[in-house]
Engineer: 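Here it is: the structure, laid out below.
In what follows, every chain begins at residue 1, and chains take the letters A, B, ... in the order their sequences are listed. Heavy-atom basis, side chains included; hydrogens, waters and symmetry copies ignored. All of these numbers come straight from a predicted model, not from anything done at the bench.
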There are 2 protein chains.
Amino acid sequence: MYTPPLARLIEQLQLLPGIGPKTAQRLALHLIKRPDKEVQALAQALVAAKQKVGFCKICFHLSAEPVCSICNNQNRDRSTVCVVGDSRDVIALEKTREYRGLYHVLGGVISPMDGIGPEQLNIEALVRRVTKESVEEIILAISPSVEGETTTLYINGLLRPFTKVTRIAFGLPMGGDLEYADEVTLARALEGRRELD
Amino acid sequence: MYTPPLARLIEQLQLLPGIGPKTAQRLALHLIKRPDKEVQALAQALVAAKQKVGFCKICFHLSAEPVCSICNNQNRDRSTVCVVGDSRDVIALEKTREYRGLYHVLGGVISPMDGIGPEQLNIEALVRRVTKESVEEIILAISPSVEGETTTLYINGLLRPFTKVTRIAFGLPMGGDLEYADEVTLARALEGRRELD
C-alpha cells in the first residue's frame, strides 16, 4: 500500500531479527523524515561494517584488523583464556572490567539438532592455542543451556590433559530473590557454596 | 569496545526510534553475519527510499510520484476527503478496505508545546482543496488525544462554512471488554449510542 521505494525499505527492515511489520513501518517512516545526511550515514555504516569487519585470527572475536585489540594488548594476562560462545559474550565480560586475560570465541555451541558439531566451531584452533602457547588456565564461560553444557563438557574433555580448566559460577543472580529462583538455579547455588572468609 | 566500523554501525542504529543499545548491538551482529548482498540491499533501500519518496502534492501522503496512487485512482469517490494526522493513518484506513474516498494528510496535529501551530501543518492546502473542488464531506479521523481534539475542533471551525464536516466514531473497541474500558472511552461510547435498526 506504500509507494514502492518505501514498501521495499519496509520489506528490507522486516528481515532484521525482532523487527515485525509494525516496527519496520515505524522505522521506515521515521527515516523518511530524517535529513538526507543521517540516512546516508546509516547506509554507509552498514556497508562499511559488513566490508571491514571480520574475525581475529587468534581468538575469532569480531575485528576490523587481522588481530583484535584484546589479543594485541600487551598488558593483558596471556596465560588465561576465557572461552565464550559469541562475540557478544566478550563484550559482556569486558564490561565487568574484572577480567584481564584473553578470549576465545567458539562461534556458537554444539547443537546436533541445528547441524552444529565441534567441526563447525573454532574448537580445533582452541586446542592448537592451548598446546602451542603457554596457557595456564582455560575458563569456560558458556551459557548453561543444554547445548552449552554439552559444549562445556566436550571442551573440558579435550583440554584437561593439557592445562587447568575451570568454569564460571552459576547461582543466584545478584539482587535476585531466593523465593523466585528456579530449582535448577537454586540447586546450582547450593552446589557452588563457598566457605566465608 | 567493538571494533570501530561495528561500533559506528551500532551507534547509527541507536539513533532509530525504539532501538536501544542492546537491540542495536543485536541487529549489528546479525547484519555482520548475513551475506554481503543482503546488507547491500538494505543500504540501497534506505538511500533509494530517502531519495525518491516525497509528498503527494494534493493530499501530502508519502509518494514517489508527484501525485500519489490514491489521488490518481479515478475509481475513488472524489467528493469525500478523510483528514488524518499522518501517512501511517492512511495505511491503517486503507487496510479496512471500507473507505473509497480521498485523503488529506496534515503532517501532525496542533501542539503549541512542541511549537506546532496550524501554519506548520497542511491545513491551508486543505482549505484550498475544499473551497476550490467539489468536496461534499470532510471526515476528520484524527486520534483523540488532547492535541488531536484541538486539531479536530480547529479544522471543523475552518471548514464548516464550506462543506459537511463529520468525525469518526469513538467508543468501545470491537472485542473490548466493557469492564476494562476507561471512563472516557465509556462516556464516548454512551454519548455516541445509536438506535438499533
Engineer: Considering only heavy atoms, which portion of B:Ala64 lies under 4.5 Å from any heavy atom of chain A: side chain, backbone, both, or neither?
Structural biologist: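 Interface part for B:Ala64: both.
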Engineer: Do A:Leu46 and B:Leu42 have side-chain heavy atoms sitting under 4.5 Å apart?
Structural biologist: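 In short, these two side chains touch, coming nearer than 4.5 Å.
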Engineer: If you count heavy atoms of other groups shown closer than 6.0 angstrom to NZ of B:Lys33, is the number above 12?
Structural biologist: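 Buried by this count: over 12 neighbours within 6.0 Å.
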Engineer: Between B:Leu29 and chain A, with a heavy-atom cut-off of 4.5 Å, which part of the residue counts as in contact: side chain, backbone, both or neither?
Structural biologist: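 Answer is side chain: those atoms of B:Leu29 sit under 4.5 Å from chain A.
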Engineer: Would you mind telling me which of A:Thr23, A:Ile10, A:Leu27 has the largest number of heavy-atom pairs within less than 4.5 Å of chain B?
Structural biologist: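 Heavy-atom pairs under 4.5 Å are most numerous for A:Leu27.
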Engineer: Working to the nearest 0.5 Å, report the span between CD1 of A:Ile91 and OH of B:Tyr2.
Structural biologist: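 If we round to the nearest 0.5 Å, A:Ile91:CD1 and B:Tyr2:OH are 4.0 Å apart.
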Engineer: Relative to chain A, which segment of B:Glu94 carries a heavy atom at a distance below 4.5 Å: side chain, backbone, both, or neither?
Structural biologist: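 For B:Glu94, the contact with chain A is made by backbone and side chain together.
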Engineer: Can you tell which of B:Gln25, B:Glu65, B:Arg8 has the highest number of heavy-atom pairs within less than 4.5 Å of chain A?
Structural biologist: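 Option with the greatest count: B:Gln25.
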Engineer: Find out if a path of hydrophobic residues (ILVMFWY) with successive side-chain heavy-atom gaps under 4.5 Å connects B:Val47 to A:Leu13.
Structural biologist: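 No, it is not one cluster - the side chains of B:Val47 and A:Leu13 are not joined through contacts under 4.5 Å.
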Engineer: State, to 0.1 Å, how close A:Pro5 and B:Ala49 come at their nearest heavy-atom pair, and which atoms those are.
Structural biologist: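 So the minimum-distance heavy-atom pair works out to O-CB, 3.7 Å.
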Engineer: Which atoms of B:Lys50 come close to chain A, meaning under 4.5 Å heavy atom to heavy atom: side chain ones, backbone ones, both, or neither?
Structural biologist: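 Both backbone and side chain of B:Lys50 come within 4.5 Å of chain A.
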Engineer: May I ask whether A:Leu159 and A:Ile168 are part of the same hydrophobic cluster, defined by side-chain heavy atoms of I, L, V, M, F, W, Y residues being less than 4.5 angstrom apart, directly or through others?
Structural biologist: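 Result: yes, single cluster for both.
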Engineer: What is the minimum heavy-atom distance between A:Leu15 and B:His30, and which atoms define it?
Structural biologist: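 Closest approach of A:Leu15 to B:His30, heavy atoms only: O-NE2, 4.0 Å.
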Engineer: In the single-linkage hydrophobic clustering (I, L, V, M, F, W, Y; side-chain heavy atoms under 4.5 Å), do A:Leu153 and A:Phe170 co-cluster?
Structural biologist: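 In one cluster: no.
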Engineer: With only heavy atoms counted, which part of A:Ala48 is less than 4.5 Å from chain B, the side chain, the backbone, both or neither?
Structural biologist: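 Contact with chain B involves the backbone of A:Ala48 alone.
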Engineer: Do A:Phe60 and A:Ile139 land in one hydrophobic cluster if side-chain heavy atoms of ILVMFWY residues count as linked below 4.5 Å?
Structural biologist: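 Yes, it is one cluster - the side chains of A:Phe60 and A:Ile139 are joined through contacts under 4.5 Å.
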Engineer: When clusters are formed by joining ILVMFWY residues with side-chain heavy atoms under 4.5 Å apart, either directly or through shared neighbours, do B:Leu106 and B:Tyr99 land in the same one?
Structural biologist: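 Yes, it is one cluster - the side chains of B:Leu106 and B:Tyr99 are joined through contacts under 4.5 Å.
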Engineer: Quick one: pull up CD in A:Gln44 and CD in B:Gln12 and give me the separation to the nearest 0.5 Å.
Structural biologist: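 A:Gln44 CD to B:Gln12 CD: 9.0 Å, rounded to 0.5 Å.
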Engineer: How about A:Arg78: does its CZ atom have over 12 heavy atoms from other parts shown lying under 6.0 Å from it?
Structural biologist: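 Counting neighbours around CZ of A:Arg78, more than 12 heavy atoms of other residues, nucleotides or ligands fall under 6.0 Å, so yes.
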Engineer: Any side-chain heavy-atom pair from A:Ser69 and B:Thr3 closer than 4.5 angstrom?
Structural biologist: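 No - every pair of side-chain heavy atoms lies 4.5 Å or more apart.
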Engineer: Can you check whether B:Pro17's main-chain N or O pairs, donor with acceptor, with A:Arg26's side chain at less than 3.5 Å?
Structural biologist: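 Present.
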Engineer: With a 4.5 Å heavy-atom cut-off (strictly below), which parts of residues 108-130 of chain B touch chain A? List them by number.
Structural biologist: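 The list, in residue order, is empty: none.
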Engineer: I want to check something: taking the side chain as every heavy atom from C-beta on, are B:Leu62 and A:Ile32 in contact at a cut-off of under 4.5 Å?
Structural biologist: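 B:Leu62 vs A:Ile32: side chains touch.
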Engineer: Which one, B:Lys95, B:Arg34, B:Arg88, leads in non-hydrogen pairs under 4.5 Å with chain A?
Structural biologist: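 Option with the top pair count is B:Arg88.
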Engineer: Would you check if A:Val53 and B:Leu9 make a side-chain contact, meaning some heavy-atom pair closer than 4.5 Å?
Structural biologist: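 No, too far: nothing below the 4.5 Å cut-off.
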Engineer: Counting only heavy atoms closer than 4.5 Å, note whether B:Ile19 contacts chain A via side chain, backbone, both or neither.
Structural biologist: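 The side chain, not the backbone.
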